[in-house]
Amino acid sequence: MRLATWNVNSLAVRLPHVIDWLTTAAPDVVALQELKLTDDKFPADALAQAGYAAAWFGQKTYNGVALLVRSPATLTEVQRNIPGFADEQARVIAATVQPASGAAPLRVVGAYFPNGQAPGTDKFAYKMRWLDALRDWIAQELTRHPRLVLMGDFNITVDDEDVWDPEGLRETIHCTTEERAKLAALRALGLHDAFRLFPQPPKSYSWWDYRQLAFQKNRGLRIDHIWISDALKDLARACTIERSLRKRPQPSDHAPVLLTLADA
DNA sequence: ATGACAACGTTGCGTTGA
């Protein structure tokens, strides 16, 4: 089974890329972020024609998340945003994936973590509160669903290996000690950064600024992550960043991250 | 210190992202 996360930066604009990628790469489960469309505009029919069932949670202009599964697998017990955390912004969608093979179900959480703008701002404070709420909720989810995948645009680098210029970007947004401490608290629930379970090329990133030829110069950050629970760790077989998707004309500024998980 | 680039909403330029 292969699971992927991709911040598409507008599903309306990126739909041809998404359909093409689903058709050629055929991932089993996909988390999308930054749909930037309202629920009535979600392209469920086009995705169904490509062989995917979906659950979505959008809003006007910003944010918006979705989960896709390759039929005949199904999504059940869909949860939108973090229970008990009042939030105007559509950032989280969770569901239980029922594989058609009869393999054990998987709880999948797709998330678009807040950007946070800069330390000291209201948006940074919101990011911190959101991260606390996410941790508390994931702790509960793990008790009910030990086989859990948390994936999405975390908007945080795990450590300096994830940063093209760690000195120049020290303590700036995505790289602050406070943000990384929140990730450490999340990881302490018994989650693993699937990408780092395997040897990886140096300077591996998942996002590059549209400006200043950042992608061509590989000036990027690894902020898109797939984290898996203890129960799934030994089933992980590979985890890669699909850089080729960032090279195409009119790309998202993010590349997908792809995890291969053995059945069981 | 600021902008760059892309997308959105709106209709020209302001806001947001990372």
Side-chain angles (χ1 to χ4, degrees), chain A residues 5-18 31-43 56-66 87-92 110-131 134 151-180 182-183 195 203-226 241-243 245-257:
Chain A
T5 178
W6 194 9
N7 179 325
V8 292
N9 185 18
S10 169
L11 184 56
V13 173
R14 228 64 63 195
L15 184 61
H17 285 32
V18 172
L32 300 177
Q33 302 88 41
E34 284 211 84
L35 307 182
K36 295 188 171 180
L37 45 74
T38 46
D39 284 341
D40 58 304
K41 301 283 203 315
F42 186 84
W56 58 93
F57 181 36
Q59 67 178 89
K60 192 175 177 182
T61 312
Y62 301 116
N63 310 314
V65 286
D87 199 344
E88 305 275 305
Q89 306 182 27
R91 296 190 172 277
V92 177
Y112 176 45
F113 291 33
N115 172 305
Q117 194 175 49
T121 65
D122 289 349
K123 288 177 181 174
F124 191 86
Y126 163 68
K127 184 175 194 172
M128 295 296 107
R129 288 192 296 110
W130 189 95
L131 285 161
L134 180 73
M151 59 180 168
D153 176 357
F154 284 32
N155 266 318
I156 305 174
T157 56
V158 173
D159 57 37
D160 284 354
E161 291 298 303
D162 295 342
V163 185
W164 72 276
D165 181 11
E167 294 307 321
L169 295 173
R170 190 161 303 287
E171 295 300 334
T172 61
I173 197 67
H174 312 120
C175 305
T176 67
T177 303
E178 297 100 306
E179 291 167 276
R180 288 176 178 175
K182 296 296 187 193
L183 278 199
F195 191 73
K203 304 183 189 302
S204 287
Y205 310 123
S206 66
W207 170 86
W208 301 261
D209 201 298
Y210 281 121
R211 298 165 289 188
Q212 307 282 94
L213 298 172
F215 179 72
Q216 288 84 341
K217 295 175 179 174
N218 197 29
R219 296 179 172 180
L221 302 174
R222 192 177 72 96
I223 52 178
D224 300 272
H225 304 291
I226 302 179
I241 295 171
E242 303 299 295
R243 291 181 91 255
L245 276 294
R246 184 62 172 78
K247 292 177 191 166
R248 301 181 48 150
Q250 205 174 7
S252 167
D253 43 355
H254 297 253
V257 184

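We name chains A, B, ... by the order of the sequence lines, and we start the count at 1 in each one. The analysis underlying the following values was restricted to heavy atoms, covering all of them including side chains, and did not include hydrogens, waters or symmetry mates.
Taking A:Asp160 as the reference, A:Arg170, A:Arg180 meet the salt bridge (charged side-chain N to carboxylate O under 4.0 Å, His left out) condition, with sequence neighbours excluded. Considering only residues two or more places apart in sequence or on other chains, A:Glu242 meets the side-chain hydrogen bond (donor to acceptor under 3.5 Å, both in side chains) condition with A:Thr240. For A:Trp208, the side-chain hydrogen bond (donor to acceptor under 3.5 Å, both in side chains) test picks out A:Asn218, with sequence neighbours left out. A search for side chain to side chain contact (heavy atoms under 4.5 Å, CB included) contacts involving A:Glu171 returns A:Thr176, A:Thr177, A:Glu178, not counting sequence neighbours. A:Glu88 is linked by a side chain to side chain contact (heavy atoms under 4.5 Å, CB included) to nothing, counting only residues two or more places apart in sequence or in another chain. With sequence neighbours excluded, no residue forms a side-chain hydrogen bond (donor to acceptor under 3.5 Å, both in side chains) with A:Arg14.
Distance noted for atom C1' between B:dG3 and B:dC13: 16 Å (whole Å). Atom P of B:dG12 sits at a distance of 27 Å from the matching atom of B:dT2, rounded to the whole Å. The same atom, P, is picked in B:dT10 and in B:dA6; the two are 23 Å apart, to the nearest Å. Separating the P atom of B:dT11 from that of B:dA1 is a span of 35 Å, rounded to the nearest Å. For B:dA18 and B:dA7, the C1' atoms lie 14 Å apart once the distance is rounded to whole Å.
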Contact letters for nucleotides 6-18 of chain B, in which S counts primed atoms plus P, OP1 and OP2 and B counts the base, heavy atoms under 4.0 Å: SSSS------SSB
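Taking a pair as Watson-Crick or G-U with both hydrogen-bonding distances under 3.5 Å, the stems of three or more pairs touching DNA chain B are B:5-9 with B:13-17.
With a 4.5 Å cut-off on side-chain heavy atoms, A:Asn9 and A:His254 do not count as touching.
Residue pairs meeting the side chain to side chain donor-acceptor pair (under 3.5 Å) criterion with at least one partner in residues 112-121 of chain A, sequence neighbours excluded, are A:Glu34-A:Tyr112.
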